[in-house]
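Starting from 1, each residue takes its place in the sequence as its number.
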Amino acid sequence: TNDFSPSGSVIVLLNAYGRCIVPAVKGRRLADAERKIAGANCAAGKIRYAYSKWFKRGRVISEQPKRETVLPKNGKVNLLVSLGRGFGEG
């Protein structure tokens, strides 16, 4: 027998081991997001902070690159974290 398909093409199986697949961390607490990022073979990159009307203080507003992006092992994931509501935002 051989490992070729009947059409003569080669079948290749890719292994995601050693790759970073950016996890969905939007809305999570910063510490939880960092653990989830590390568990996905990624590393936390730059962490920036901004005021938000919609996210409580300490919650991740966004990640860059976006979730499910495939990066090399230990690829950097930048986070934007909420400072809570700004002055005068109620």
Side-chain angles (χ1 to χ4, degrees):
T1 64
N2 61 36
D3 293 331
F4 296 98
S5 70
S7 66
S9 61
V10 177
I11 299 171
V12 178
L13 299 176
L14 297 177
N15 184 352
Y17 179 77
R19 301 256 188 230
C20 157
I21 300 175
V22 178
V25 295
K26 184 175 177 179
R28 292 183 175 270
R29 291 187 177 107
L30 177 58
D32 293 339
E34 289 176 320
R35 277 192 293 275
K36 193 165 183 182
I37 287 168
N41 293 323
C42 304
K46 292 181 182 179
I47 299 174
R48 297 182 185 194
Y49 295 87
Y51 291 105
S52 172
K53 293 180 183 180
W54 300 280
F55 290 89
K56 292 181 180 179
R57 181 180 183 91
R59 301 284 179 156
V60 175
I61 297 170
S62 67
E63 71 264 356
Q64 186 67 33
K66 296 297 181 190
R67 66 182 181 167
E68 298 182 8
T69 300
V70 178
L71 302 172
K73 186 173 184 177
N74 296 320
K76 303 285 185 192
V77 180
N78 299 320
L79 301 174
L80 180 62
V81 180
S82 176
L83 289 172
R85 290 184 179 266
F87 295 109
E89 291 185 11

Would you check, one step at a time, whether the test side-chain contact (heavy atoms from CB on, under 4.5 Å) holds for Lys66 with Ser62? CA-CA 8 Å; Lys66 296 297 181 190; Ser62 67; 4.3 Å; yes

When rounded to the nearest 0.5 angstrom, what is the spacing between CZ in Arg57 and CG in Leu30? 11.5 Å

Which atom names give the shortest non-hydrogen contact between Ala33 and Val25, and what distance separates them? CB-CB, 3.7 Å

Between Arg67 and Val22, is there a donor-acceptor pair closer than 3.5 Å when you use the side chain of the first and the backbone of the second? no

More than 12 heavy atoms of other residues, nucleotides or ligands under 6.0 Å from NZ of Lys26: yes or no? no

Nearest-0.5 Å distance, CZ of residue Arg85 to CH2 of residue Trp54: 9.0 Å

Determine yes or no for a side-chain-to-main-chain donor-acceptor pair under 3.5 angstrom, with Arg59 supplying the side chain and Gly27 the backbone. yes

Report the distance from atom CD1 of Ile61 to atom CG of Leu83, rounding to the nearest 0.5 Å. 7.5 Å

Interatomic distance, CG@Leu79 vs CD@Glu34, rounded to 0.5 Å, equals 7.0 Å

In Å, rounded to the nearest 0.5 Å, how long is the span from CD of Glu63 to OG1 of Thr69? 8.5 Å

Sequence neighbours excluded - disulfide bond (SG atoms under 2.5 Å apart) pairs with any residue from residues 33-85: Cys20-Cys42

Testing the basics here: between Phe55 and Ser82, what is the closest heavy-atom pair and its distance to 0.1 Å? O-OG, 2.7 Å

If we ignore hydrogens and angles and just use 3.5 Å, is the side chain of Asn74 paired with the main-chain N or O of Ala43 as donor and acceptor? no

Mind checking side-chain contact (heavy atoms from CB on, under 4.5 Å) for Pro72 and listing every partner two or more places apart, or none if nothing turns up? none

